[in-house]
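As structure tokens, the structure follows; a few thoughts come after it.
The analysis underlying the following values was restricted to heavy atoms, covering all of them including side chains, and did not include hydrogens, waters or symmetry mates.
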Amino acid sequence: MILWLNPVTGVSGDMLLGALLGLGAPLDRVRAAVESTGLPGWRLSTEQVQVNGIAATKAVVDVEDTSTERHASELIARVRQARPEPVAELAAAAITAIAEVEGALHGEHPDDVHLHEIGGLDTVVDTVGVAAALHALGITAVHSAPLALGSGTVRCSHGVLPAPAPATLRLLRGAAVVGTDLPGETVTPTGAALLQAIGTRFTPPPAMTVQDTAYGAGTRRFPQRPNVLSATLGVPLGAEPAEPMVVLECNVDDVTGEVLGHVINRALDRGAADAWTTPATMKKSRPAQVLHVLCRPELASELSDLVLAETGSLGIRRHAVDRRALPRRTTTVTVQGHQIRIKHGPHHAKPEHEDVAAAAAALGHPLRTIAAQALAAAEAREADQVNGLSTSSSGTNGPFTPPA
């Protein structure tokens, strides 16, 4: 998948995270990646906001420890604990880039750099969150229009500095930029570092079939200009929307259902795209289960070790497959005061069972009744949007994109 950004008012870590969540990156998987770092006292949620008439997703990050000063090495060590491993590598690369430019500016080794404004624990959530969202969406290439740079000054621990700040400018080496009349900092160090770590190429929109576009909301508000980051997801033009995957399999006849359920959950937490079991009859006519794990090739080794350790199996099969997934997106509707997510595909829409079950239990209504009401609300909203009667959605709108 290709991601093309249009940062007409700049970019920050939370704007990029909001845009990716708006494109359908599963919030629970992003949270799971942050949780795997062992970070204490944090919360990540989303808000649907209107910015100058544009419906946008705002990533809301709260941390109990609000100190903004830490050694970069502490943050790097923290994000390196994230899982799956590609998420940790990307997040660590972003913070390392910040440490390197700060070290060059102050004549210090990167390991000794003390970060000030961006040394907060929210930087861990932003960097790991963006990395996890990119991983979940299956994004393999990122392109961007020129970054809009503000002017004037910015106040920091070192006093009043010109905007963009020196560290940000160093992080933007090789990036395409354009000046604007916007005051102050429009590109943050975290935003610039993430674009660098991702390997962003600054080009016009590449040749691709557009799947969907979402907007990540910034905190500041500008008159006559929406402070949003436009993010468009697409499939390379002419490419079949399929991706190489690996299926891991092993036969087990001495593992309980509880253990198999545990293994499936752990595999999904580690980044597997899917995991399931099928009944089988093994040698000597013994009833058994075949455990299957579908994953990207780079996760096959890690997940193989997990399956072997948890099941005690003496071997595991591995074979390559191509997966073609129909595009999908997620919206949210409200049924009698309860929010219910709706997953939309090209031919069908379905309420999320967990949300329907929770609402049904709270309201004391049958499950099928709440599901029908949620689906009817979703269909009514879709019809309104088609007819141009609705300009926004109250849900987390994602793209028609293959799942991770």
Side-chain angles (χ1 to χ4, degrees), residues 1-28 30-31 44-61 126 129-130 133-134 136-137 139 144-145 148 182 186 191 205 210-234 327-335 337-346 349-352 355 374-401:
M1 300 296 291
I2 296 173
L3 177 69
W4 184 71
L5 304 172
N6 191 12
V8 294
T9 55
V11 63
S12 62
D14 61 327
M15 289 175 74
L16 183 55
L17 179 55
L20 293 171
L21 290 170
L23 282 172
L27 183 57
D28 56 348
V30 174
R31 286 173 173 159
L44 171 62
S45 60
T46 61
E47 291 180 0
Q48 300 307 308
V49 298
Q50 284 279 332
V51 185
N52 295 58
I54 295 179
T57 301
K58 182 172 179 57
V60 182
V61 178
D126 284 344
V130 167
L134 289 166
L137 289 171
I139 293 169
S144 177
L182 297 174
T186 57
V210 172
Q211 303 295 293
D212 205 358
T213 297
Y215 299 88
T219 301
R220 298 170 65 191
R221 292 293 178 263
F222 303 120
Q224 306 302 320
R225 190 175 306 180
N227 185 24
V228 296
L229 174 64
S230 169
T232 298
L233 203 62
R328 74 282 312 273
R329 61 189 172 93
T330 301
T331 61
T332 303
V333 299
T334 301
V335 175
H338 294 266
Q339 289 195 330
I340 297 176
R341 291 167 295 169
I342 308 291
K343 183 176 290 183
H344 301 259
K350 179 182 177 183
E352 289 288 355
D355 296 351
L375 189 57
E379 291 173 346
R381 173 179 295 160
E382 293 293 304
D384 284 349
Q385 290 177 341
V386 169
N387 294 328
L389 299 178
S390 175
T391 59
S392 68
S393 168
S394 65
T396 303
N397 292 306
F400 280 120
T401 60

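Residues Thr46 and Lys58 have side chains not in contact (no heavy-atom distance under 4.5 Å, counting atoms from C-beta outward). Side-chain contact between Val228 and Thr9: absent, with no pair of heavy atoms (C-beta onward) separated by less than 4.5 Å. At least one side-chain heavy atom of Leu44 sits less than 4.5 Å from a side-chain heavy atom of Leu17. Between Leu20 and Leu3, the closest side-chain pair of non-hydrogen atoms falls below 4.5 Å.
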Derivation of the side-chain contact (heavy atoms from CB on, under 4.5 Å) call for Arg225 and Leu182: CA-CA 10 Å; Arg225 190 175 306 180; Leu182 297 174; 3.4 Å; yes
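In summary, the side chains of His344 and Thr330 do not present any donor paired with an acceptor at a separation below 3.5 Å, with no hydrogens or angles considered.
Expressed to the nearest 0.5 Å, how far CG of Leu16 lies from CG of Leu5 amounts to 6.0 Å. Rounded to the nearest 0.5 Å, atoms CH2 (Trp4) and CG (Leu233) are 13.5 Å apart. Of the inter-residue distances, the one linking Ile342 atom CD1 with Thr332 atom OG1 reads 8.0 Å to the nearest 0.5 angstrom. A distance of 8.0 Å separates CG in Asp212 from OG1 in Thr232, rounded to the nearest 0.5 Å. To the nearest 0.5 angstrom, Ile139 atom CD1 is 7.5 Å from Met1 atom CE. Within the model, atoms OG1 of Thr334 and CD1 of Ile340 stand 8.5 Å from one another, a figure rounded to the nearest 0.5 Å.
In plain terms, the two heavy atoms of Thr57 and Leu21 that are nearest each other are CG2-CB, 4.5 Å. Looking at every heavy atom in both residues, Ala55 comes nearest to Tyr215 through O-CD1, 3.9 Å. The minimum heavy-atom distance linking Gly13 with Asp126 is given by the pair C-CG, 4.3 Å. Across every non-hydrogen atom of Asn6 and Ala145, the tightest pair is OD1-CB, 3.5 Å. The two residues Gly24 and Leu137 make their nearest non-hydrogen contact at C-CD2, 3.9 Å. Taking both residues in full, the closest heavy atoms of Gly10 and Leu229 are given as O-CD1, 4.1 Å, listed atom of the first, atom of the second, then distance.
Side-chain atoms of Asp355 come within 3.5 Å of backbone N or O of Arg341 as a donor-acceptor pair. Although no hydrogens or angles enter the test, the distance criterion places a donor-acceptor pair under 3.5 Å between the side chain of Ser12 and the main chain of Met15.
Lys343 is linked by a salt bridge (Lys or Arg N to Asp or Glu O under 4.0 Å) to Glu352, counting only residues two or more places apart in sequence or in another chain. For Arg31, the salt bridge (Lys or Arg N to Asp or Glu O under 4.0 Å) criterion is met by no residue, not counting sequence neighbours. By the salt bridge (Lys or Arg N to Asp or Glu O under 4.0 Å) test, Arg220 is found to be paired with no residue, residues two or more places apart in sequence or in another chain being considered.
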